J.: 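Just dropping this structure here.
On a predicted model such as this, the values are computed, not experimentally measured, just so you know. All values below come from the heavy atoms of this structure, side chains included, with hydrogens, waters and symmetry mates left out.
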Amino acid sequence: MKNHWGGWSLQTKLSSCIIAVSLFIMATTSLWLYDAVKNLQHAQRIAEINACAEPFFKAIEALSFERGRSNVVLAAEAPISEQNREFLMGRRKLADSNLQLGLERLRRIDSALAERLLTEYKQFQLLQSQLDEQAQLPLARRNSAIRDEWIRQSTDFIFFVRDIIDSVGRRERTLGVFDIYHHFQLNCVEFRLFSGYSASILTAAIANGQSLSPADHREFLESRAKADYLWEQIHNDSMDFDNLILQETLQRVYQKYYRGYRPMQAEILSYLLAEAAPKEWGERLAAHSVPAFDSIFD
């Protein structure tokens, strides 16, 4: 067979090699460019999801404080105090501003889900209005069902917002750092919700001037057990990040909640199982709960 390559001039051979190498480089660069564009789009979607989730996490923080303090207010014999009113209004404004911001960002990701959240939020605001009316009345004149309804619906709404964060995050699951981080944040939120709810059960019993009922005691233990399980998961998962600031934050939570707040809680619980506790104990619990639970959301 005739060797065509051998009959070519040196210049032709060089030109052919240059063209071949150039075509190879162009093909390789196109693949790199395609991967870079895909990675950029993925990073942009993750950034958009994080921007959407951030105000929702802040809204959940404010809503959980409102849920717990309102539970206490509705259990108290007297109408709501000015201090509690200011506390609730402050948390409510924080929740509202962050929910509105989250809704605006969610519409760019999933407009249908944003509309569902808006509908649920309007229903929740109606419940808040009912709570405000009942809180101004003494216990004897309140609707006896309002407290149970408040706990049920506020908890459902908080977990609905939590599920939106989870749902939006699942759209970019890659089994990478983003997934670990997203799951870690959700565990922190649930830890705060269960630990906060168990705390409000004790404070509400004190405000009500009664010993802790067997049903409330069971609910208290269940909520606290769920919180402790989640704390173990949080502690184990935090090892994946190898982040000094995160470790310091978790240590602060441990000191303020487990070393500071929980022993006080245990002392009051043992008392409440036998008889009513002094009203001042409720104020003491509430004063220590805010820094303890604020540290969790850090």
J.: Less than 4.5 Å apart, any side-chain heavy atom of Ile158 and any of Val189?
T.: no
J.: With side-chain contact (heavy atoms from CB on, under 4.5 Å) as the test, would you mind laying out the steps for Val73 and Leu131 before giving the verdict?
T.: CA-CA 10 Å; Val73 166; Leu131 181 144; 5.9 Å; no
J.: Can you sort out the partners of Arg107 under salt bridge (Lys or Arg N to Asp or Glu O under 4.0 Å), two or more places apart, ordered by chain and number?
T.: Glu115
J.: How about Tyr257 and Trp231: are their ring centroids closer than 6.0 Å?
T.: no
J.: Write down the atom of Leu94, the atom of Ala62, and the distance for their closest heavy-atom approach.
T.: CB-CB, 3.9 Å
J.: Considering only NZ, NE, NH1 and NH2 on the basic side and carboxylate oxygens on the acidic side, decide whether Arg92 and Glu66 come within less than 4.0 Å.
T.: yes
J.: Counting only heavy atoms not in Tyr229, do more than 12 sit closer than 6.0 Å to its OH atom?
T.: no
J.: For residues 90-137, pull every pair meeting ring-ring contact (aromatic ring centres under 6.0 Å, His included), keeping only residues two or more places apart or in separate chains.
T.: Tyr121-Phe157, Phe124-Trp150, Phe124-Phe157
J.: Show, in sequence, the C-alpha distance, side-chain angles and deciding distance for Asn98 and Phe56, and conclude whether the side-chain contact (heavy atoms from CB on, under 4.5 Å) test is met.
T.: CA-CA 6 Å; Asn98 281 291; Phe56 285 144; over 6 Å; no
J.: The criterion is side-chain hydrogen bond (donor to acceptor under 3.5 Å, both in side chains); which residues satisfy it with Ser211, sequence neighbours excluded?
T.: none
J.: Using modelled atom types and a 3.5 Å cut-off, is there a donor and acceptor pairing between side-chain atoms of Ser223 and backbone atoms of Phe220?
T.: no
J.: Rounded to the nearest 0.5 Å, what separation is found between the CG atom of Leu126 and the CD atom of Gln123?
T.: 5.5 Å
J.: Are Trp281 and Ile201 joined in one hydrophobic group, where the rule is that I, L, V, M, F, W and Y side chains link up if heavy atoms are under 4.5 Å apart?
T.: yes
J.: Go through the structure and list residues passing side-chain hydrogen bond (donor to acceptor under 3.5 Å, both in side chains) with Ser200, not counting sequence neighbours.
T.: Asn71
J.: Any heavy-atom pair between the side chains of Leu63 and Ser154 that's under 4.5 Å?
T.: no
J.: Could you pull out the closest heavy-atom pair between Ala75 and Ala204, with the gap in Å?
T.: CB-O, 3.4 Å
J.: When hydrophobic residues are tied together by side-chain contacts of less than 4.5 Å, even through go-betweens, does Ile146 share a cluster with Leu137?
T.: no
J.: Rounded to the nearest 0.5 Å, how far does NE2 of His235 lie from CD of Gln247?
T.: 6.5 Å
J.: Find the distance between CZ (Phe194) and OG1 (Thr155) and round it off to the nearest 0.5 Å.
T.: 9.0 Å
J.: List the atom of Ile165, the atom of Ala53, and the distance in Å for their closest heavy-atom pair.
T.: CG2-CB, 4.0 Å
J.: If you group Ile, Leu, Val, Met, Phe, Trp and Tyr by side-chain heavy-atom gaps below 4.5 Å, do Leu250 and Phe57 land in one group?
T.: yes
J.: Do Met89 and Phe65 land in one hydrophobic cluster if side-chain heavy atoms of ILVMFWY residues count as linked below 4.5 Å?
T.: no
J.: Quick one: salt bridge (charged side-chain N to carboxylate O under 4.0 Å, His left out) pairs with a partner in residues 152-164, sequence neighbours left out?
T.: Glu149-Arg152, Arg152-Asp156, Arg162-Asp166, Arg162-Glu190
J.: Just wondering, do Tyr254 and Arg259 contact through their side chains at under 4.5 Å, heavy atoms?
T.: yes
J.: What is the minimum heavy-atom distance between Leu74 and Arg147, and which atoms define it?
T.: CD1-CA, 3.8 Å
J.: Minimum heavy-atom separation for Ser195 to Ala227, with atom names?
T.: N-CB, 3.7 Å
J.: I'd like to check the ring-ring contact (aromatic ring centres under 6.0 Å, His included) partners of Phe184; sequence neighbours left out, ordered by chain and number.
T.: Phe241
J.: Roughly how far, to the nearest 0.5 Å, is CZ of Arg192 from CG of Leu230?
T.: 13.0 Å
J.: How long is the straight-line distance from CG of Leu103 back to CD1 of Ile164, given to the nearest 0.5 Å?
T.: 7.5 Å
J.: Is the closest side-chain heavy-atom distance between Leu193 and Phe159 below 4.5 Å?
T.: yes
J.: State plainly whether one hydrophobic cluster holds both Leu221 and Ile206, where clusters connect Ile, Leu, Val, Met, Phe, Trp and Tyr through side-chain heavy atoms under 4.5 angstrom apart.
T.: yes
J.: Give, for atom CG of Leu88 and atom CD1 of Ile80, the distance between the pair rounded to the nearest 0.5 Å.
T.: 5.0 Å
J.: For the backbone of Arg67 and the side chain of Ser70, can you confirm whether one donor and one acceptor N or O come within less than 3.5 Å of each other?
T.: no
J.: Do the non-hydrogen side-chain atoms of Val168 and Asp110 ever get within less than 4.5 Å of each other?
T.: no
J.: At their closest point, which heavy atom of Leu139 faces which heavy atom of Ala76, and how far apart are they?
T.: CB-O, 3.6 Å
J.: Return each pair, listed once, that meets salt bridge (charged side-chain N to carboxylate O under 4.0 Å, His left out) where at least one residue sits in residues 210-231; pairs must be two or more places apart or across chains.
T.: Asp228-Arg262
J.: Holding to side-chain hydrogen bond (donor to acceptor under 3.5 Å, both in side chains), I want the full list of residues that pass it with Asn243, two or more places apart in sequence or in another chain.
T.: none
J.: My understanding is that only residues two or more places apart in sequence, or in another chain, count here; which of them pass side-chain hydrogen bond (donor to acceptor under 3.5 Å, both in side chains) with Asn187?
T.: His183
J.: Tell me whether Gln83 at atom CD has more than 12 heavy atoms from other residues, nucleotides or ligands lying less than 6.0 Å away.
T.: no
J.: Tell me which pairs pass side chain to side chain donor-acceptor pair (under 3.5 Å) where either residue lies in residues 133-145, with sequence neighbours left out.
T.: none
J.: Could you give all pairs that pass the salt bridge (charged side-chain N to carboxylate O under 4.0 Å, His left out) test and reach residues 70-86, with sequence neighbours left out?
T.: Glu82-Arg85
J.: Glu120: which residues meet the salt bridge (Lys or Arg N to Asp or Glu O under 4.0 Å) condition with it, sequence neighbours left out?
T.: none
J.: Could you tell me whether the side chain of Arg105 and the main chain of Ala51 form a donor-acceptor pair under 3.5 Å?
T.: yes
